[in-house]
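Report on the structure given below.
Please read all numbers here as calculations on a predicted model, not as lab measurements. Only this structure's heavy atoms are used, side chains among them; waters, hydrogens and symmetry mates stay out.
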Amino acid sequence: MNYFQTISNTLRSEIESLIAEGSLAEGLDLSRVGVEQTKDPAHGDLASNVAMVLAKAAKTNPRELGQLLADRLAARQEFESVEVAGPGFINMRLVPGFWTGLLPDVLRAGTSYGDCDLGKGETINVEYVSANPTGPMHIGHARGAVIGDALATLLAKAGHKVTREYYINDAGAQVDVLARSAYLRYREALGEDIGEIPDGLYPGNYLKKTGVDLANRDGKKWLDTSEEDWLPVFREFAIDSMMDLIRDDLAALGVSHDVFSSERSLVGSGVNDEVVSELESRDLVYMGTLEPPKGKRPDDWEERPQLLFRSTNFDDDVDRPLKKGDGDWTYFASDIGYHRDKFRRGFANMIDVWGADHKGYVKRMQSAVKAITEDSGELDVRLCNLVNLLEDGKPAKMSKRAGSFVTLREVVDEVGKEAVRFMMLTRNSDVSLDFDLKKVTEQSKDNPVFYVQYAHARICSVLRNAAEEFPNLSLDDSSLTGADVADLQDPGELAMIKELASWPQVVENAATAHEPHRIAFYLSDLASSFHAFWNRGNAEEALRFIVPGDAPKTLGRLALARSVAIVIASGLAVMGVEPVEEMR
RNA sequence: GCGCCCGUAGCUCAGUAGGAUAGAGCACAGGAUUCCUAAUCCUGGGGUCGCAGGUUCGAAUCCUGCCGGGCGCACCA
């Protein structure tokens with residue numbers, strides 16, 4: 001189903017038969033041989049670099065080798081012509097039916113067109129969001145959520161067995177702060193005037209409900225008790241209540257996870273001790289003293305011996321502490337335990353989606369993964385840069401409810417989850433992104449969400465109108481499979497078909513690179529080809545999708561239109577966006 | 001000081017297992033609507049791909065050095 005793969009295989013088999021005949025030396029390295037679509041139609045449909053790549057090893061020159069291969073290929077039925085050009089490119093022009101023959105395949109496959117077996121069914125773990133359970137999600141979290149979610153879907157489409165995971169950071173000091181903040185709200189719920197929320201506690205109103213819920217459950221039970229008594233209770237309750245909040249926010253975005261892992265329970269079950277003693281036995285931890293950081297020396301720096309992991313053995317810059325001054329585990333230590341836990345659960349392939357502010361942490365985590373998996377595991381970290389929330393070009397005003405940040409919920413309520421998801425995927429994850437609340441709801445081509453959806457809606461509209469024009473034809477996909485598509489040879493039609501042909505390649509490349517944003521770019525391009533052809537129907541009636549009185553022609557065009565709609569829908573599905581049937 | 005990322009059209013950015021004349025949108029200028037949604041499309045100008053070397057048939061892409069910008073750099077998460 002991947003046309004480039006098909007042609008590439010043809011090429012390889014011709015090379016092999018040349019080798020078998022003794023016309024070419026054995027043992028050539030074919031790994032750099034590629035086939036790609038040409039940019040310039042004068043170069044045919046497809047071009048290969050094979051002759052230039054192999055010429056040296058084959059002890060010949062590119063043009064000569066190219067001609068040899070070109071002659072072989074030209075004899076095959078799928079090629080109309082094959083030429084050697086420029087420094088040795090093999091330019092291939094396929095017979096017209098080769099391209100249009102794709103359409104029935106797409107119609108039959110539906111949105112599974114583009115699926116591939118790149119992942120070979122291997123498991124992969126994608127961890128994303130992992131926001132601290134201390135409050136509602138803000139817009140920055142949303143980016144990681146969408147990118148992680150889309151990446152997971154993309155990898156599944158590419159043949160991986162994907163597990164979506166959320167790591168709950170519920171073990172650090174910040175959840176104690178949460179507990180104290182909840183305690184204050186609890187007292188407030190019981191009628192006390194708590195005044196201003198003191199510095200260092202979470203001021204957000206979202207904790208009021210937690211306080212009320214606690215008061216309803218336990219009454220005045222905790223009013224005159226000491227902190228060490230109530231803290232664990234409040235902590236647990238508040239974490240649960242914050243996780244409910246976060247799960248609701250995620251649901252509003254259409255993001256879900258298969259597994260929620262709790263740092264607290266992992267540490268509680270002793271994984272940190274386990275992993276450290278394992279590393280100890282391999283001489284990878286030691287008591288040592290770190291140099292103060294160069295350049296900017298913290299005021300409260302004190303030299304002290306710490307339990308350190310030899311991350312420098314695994315390409316890190318300095319060894320990293322596993323225990324804090326107070327004897328507790330560092331976050332890093334827990335993270336090592338967590339990643340080993342993932343590895344033990346069968347995930348040699350791991351992807352973490354983090355905020356860009358954790359950039360400095362990537363190397364040490366990768367070095368730890370190398371150590372604990374003895375180099376049989378792989379961790380890729382996708383960093384998500386900032387989201388600049390704008391309103392008509394100007395920085396958006398701050399949220400009233402949450403204080404200093406705009407909550408995800410407010411944005412979703414304002415512009416809808418589809419727009420949020422699409423926009424989050426219009427940039428590579430590691431560059432910052434302008435998110436304009438005004439623009440994403442605009443119905444114009446400036447708004448890629450609209451632009452792509454509009455193409456899909458137009459196609460649905462064509463189908464509706466065609467059903468009225470030809471009430472006796474069946475226009476469902478399986479009927480369209482039988483349409484005569486051979487004369488869809490207008491450059492505009494062929495442009496769309498070739499674009500559809502490259503979809504499996506786009507999926508494969510995006511999955512390999514772990515870059516779901518490529519899907520969004522592809523869809524914009526495909527929509528553009530569609531709109532362009534559509535508009536040519538303004539000037540030339542013969543190019544319209546519906547040709548009154550000409551059922552065969554109309555069916556052929558509808559087969560093309562539906563194929564475009566299917567690929568748009570399948571790309572949107574990767575992004576987690578619902579295609580619309582009409583614009584309102 | 002060290003590390004990572006970035007530098008492509010006036011602006012925002014695509015484009016990395018090296019491919020032919022470097023793309024798109026915005027902005028700017030002009031044009032298309034008795035027509036399936038003009039909510040769209042078409043045409044045009046606009047570039048030393050930060051700079052300098054190197055690798056090679058070929059470099060925005062790989063390597064080295066430099067310039068410019070961003071982020072991070074005991075213990076916090």
Should A/R382 and A/E515 count as an ion pair when the cut-off is N to O under 4.0 Å? yes
Output row for RNA chain B, stems defined as at least 3 consecutive Watson-Crick or G-U pairs under 3.5 Å, is B:1-7 with B:67-73, B:10-13 with B:23-26, B:28-32 with B:40-44, B:50-54 with B:62-66
Taking every heavy atom of A/L266 against every heavy atom of A/V271, the minimum-distance pair comes out as O-CG2, 3.2 Å
| Distance between P atoms of B/rA27 and B/rA20 (Å, rounded) | 30 Å
Kindly assign one of parallel, tilted or perpendicular to the pair A/F450 and A/Y454, based on the angle between their ring planes and the thresholds 30° and 60°.
-> parallel
Please step through side chain to side chain contact (heavy atoms under 4.5 Å, CB included) for the pair A/T38 and A/D45, ending with a clear verdict. CA-CA 6 Å; A/T38 57; A/D45 296 315; 5.6 Å; no
Exercise. Reckon A/A171 touches a base, only the sugar-phosphate, or nothing at all at heavy-atom distances under 4.0 Å?
Worked result: nothing
Would you say a side-chain N or O of A/Y451 is under 4.0 Å from OP1 or OP2 of B/rC41?
yes
Side chain to side chain donor-acceptor pair (under 3.5 Å) with A/R458: of A/H531, A/E582, A/Q453, only one passes, and it is A/H531
Roughly how many Å apart are B/rG69 and B/rU8, using the C1' atom of each and rounding to a whole number?
15 Å
Check: Heavy atoms under 4.0 Å, any strand shown: does A/S432 hit a base, just sugar-phosphate, or nothing?
Finding: sugar-phosphate
Practice prompt. Under 4.0 Å between any heavy atoms, over every strand shown, what does A/E469 touch: base, sugar-phosphate, or nothing? Just pick one.
Written response: nothing
Taking B/rC5, B/rU40, B/rA77 as options, the one with an atom nearest any side-chain atom of A/D430 is B/rC5
Is there a donor and acceptor pair closer than 3.5 Å between the side chain of A/H517 and the base of B/rA14?
no
Taking B/rC26 as the reference, what is the distance to B/rG65 when you measure between their P atoms (whole Å, please)? 41 Å
Next on the checklist: Treating A/S181 as the side-chain partner and A/V177 as the backbone partner, does any N or O pair qualify as donor plus acceptor under 3.5 Å?
Outcome noted: yes
- Item | Side-chain N or O of A/N465 closer than 4.0 Å to phosphate OP1/OP2 of B/rU37 | yes
note: A/N535, atom CG; B/rU43, atom C1'; distance rounded to Å ~ 14 Å
*Are OP1 or OP2 of B/rA22 and a side-chain N or O of A/K39 less than 4.0 angstrom apart?*
no
### Query
Base, sugar-phosphate, or nothing: which does A/N49 touch, judged by heavy atoms less than 4.0 Å apart?
base
Heavy-atom donor-acceptor pair, A/N509 side-chain to B/rA17 base, under 3.5 Å
no
Taking B/rG15, B/rG19, B/rA77 as options, the one with an atom nearest any side-chain atom of A/A173 is B/rA77
A/K56 atom NZ is separated from B/rU55 atom P, nearest whole Å, by 12 Å
Going by an N to O cut-off under 4.0 Å, is there a salt bridge joining A/D335 and A/R320?
-> no
### Query
Has A/Y361 got its ring stacked on B/rG72, by the test of a centre gap below 5.5 Å and a plane angle below 30°?
no
A/R63 CZ to B/rG58 P, in whole Å, measures 16 Å
Taken to the nearest whole Å, CD/A/E541 to P/B/rA32 is 18 Å
### Message
For a quick check of understanding: with a heavy-atom distance under 4.0 Å over all strands, which category does A/R544 fall into, base, sugar-phosphate or nothing?
### Response
base
Throw together a table of side-chain donor-acceptor distances under 3.5 angstrom for residues 540-550 of chain A, partners on residues two or more places apart or in other chains.
| residue | atom | partner | partner atom | Å |
| --- | --- | --- | --- | --- |
| A/R544 | NE | A/G537 | O | 2.7 |
| A/R544 | NH2 | A/G537 | O | 3.2 |
| A/D550 | OD1 | A/K553 | N | 3.1 |

Which part of the nucleic acid, if any, lies within reach of A/K363 when heavy atoms closer than 4.0 Å are counted: base, sugar-phosphate only, or nothing?
-> sugar-phosphate
Nearest-nucleotide check on RNA chain B, A/I546 vs A/G86; residue mapping nearer the 5' end is A/G86
Q) Looking at A/W329, does any N or O in its side chain come under 4.0 Å of the phosphate oxygens OP1/OP2 on B/rC75? A) no
Quiz item: Between A/R32 and B/rC57, is there a side-chain N or O to OP1/OP2 distance below 4.0 Å?
Solution: no
Closest heavy-atom pair, A/S429 versus A/I147, reported as atoms and distance to 0.1 Å, is CB-CD1, 3.5 Å
Could you tell me whether A/V362 contacts a base, only the sugar-phosphate backbone, or nothing, with contacts defined as non-hydrogen atoms closer than 4.0 Å? nothing
In whole angstroms, the gap separating C1' of B/rG25 from CG of A/D434 amounts to 14 Å
Rounded to whole Å, the CE-C1' distance (A/M423 to B/rG25) equals 12 Å
Describe the nucleic acid contact of A/H531 in one word from base, sugar-phosphate, nothing, applying a heavy-atom distance below 4.0 Å.
-> sugar-phosphate
### Message
Treating A/S48 as the side-chain partner and A/I90 as the backbone partner, does any N or O pair qualify as donor plus acceptor under 3.5 Å?
### Response
no
Atom P, compared across B/rG47 and B/rG10: separation rounded to whole Å:
7 Å
query: When the C1' atoms of B/rG15 and B/rG19 are considered, how many whole Å apart are they?
result: 13 Å
Query raised in the report: Within the pair A/R427 and B/rC13, is there a side-chain N or O less than 4.0 Å away from OP1 or OP2?
Result: yes
(message) Over all strands shown, is A/N91 touching base, sugar-phosphate only, or nothing at heavy-atom distances under 4.0 angstrom?
(response) base
Quick one: label A/V50 by what it contacts on the DNA or RNA (base, sugar-phosphate, nothing), any heavy atom closer than 4.0 Å.
nothing
What is the ring orientation for A/Y361 with A/H358, classed by angle as parallel under 30°, tilted 30 to 60°, or perpendicular over 60°?
perpendicular
Closest of B/rC75, B/rU40, B/rC5 to the A/R364 side chain is B/rC75
Atom C1', compared across B/rC49 and B/rU61: separation rounded to whole Å
10 Å
Q) Looking for any heavy atom pair under 4.0 Å, which part of the strands does A/E508 touch: base, sugar-phosphate only, or nothing? A) nothing
> Which whole number of Å gives the distance between the P atom of B/rG23 and that of B/rC73?
Replying inline: 42 Å
Strictly below 4.0 Å, N to O, side chains only: are A/D315 and A/K363 in salt-bridge contact? no
Check your understanding: Which part of the nucleic acid, if any, lies within contact of A/N428, taking any heavy atom under 4.0 Å across all strands shown: a base, the sugar-phosphate backbone alone, or nothing?
Key -> sugar-phosphate
When you check the phosphate oxygens OP1 and OP2 of B/rA38, does a side-chain N or O of A/R536 lie under 4.0 Å from one of them?
no
Sorted by position of nearest nucleotide on RNA chain B, 5' first, the leading residue of A/A356 and A/T330 is A/A356
Separation of B/rU40 atom C1' from A/E540 atom CD, nearest Å, is 17 Å
Out of B/rC36, B/rC57, B/rA77, minimum distance to the side chain of A/M52 belongs to B/rC57
Checklist entry - Mind checking the P distance from B/rC63 to B/rA24? Whole angstroms is fine. => result 29 Å
Atom OH of A/Y331 and atom P of B/rA74 are separated, to the nearest Å, by 17 Å
May I ask you to say what A/K324 touches in the nucleic acid, namely base, sugar-phosphate or nothing, with a heavy-atom cut-off under 4.0 Å? sugar-phosphate
Point to revise | Sugar-phosphate, base or nothing in reach of A/P62, heavy atoms under 4.0 Å | key: nothing
Per atom distances to the A/A85 side chain, the nearest of B/rU40, B/rA14, B/rA20 is B/rA20
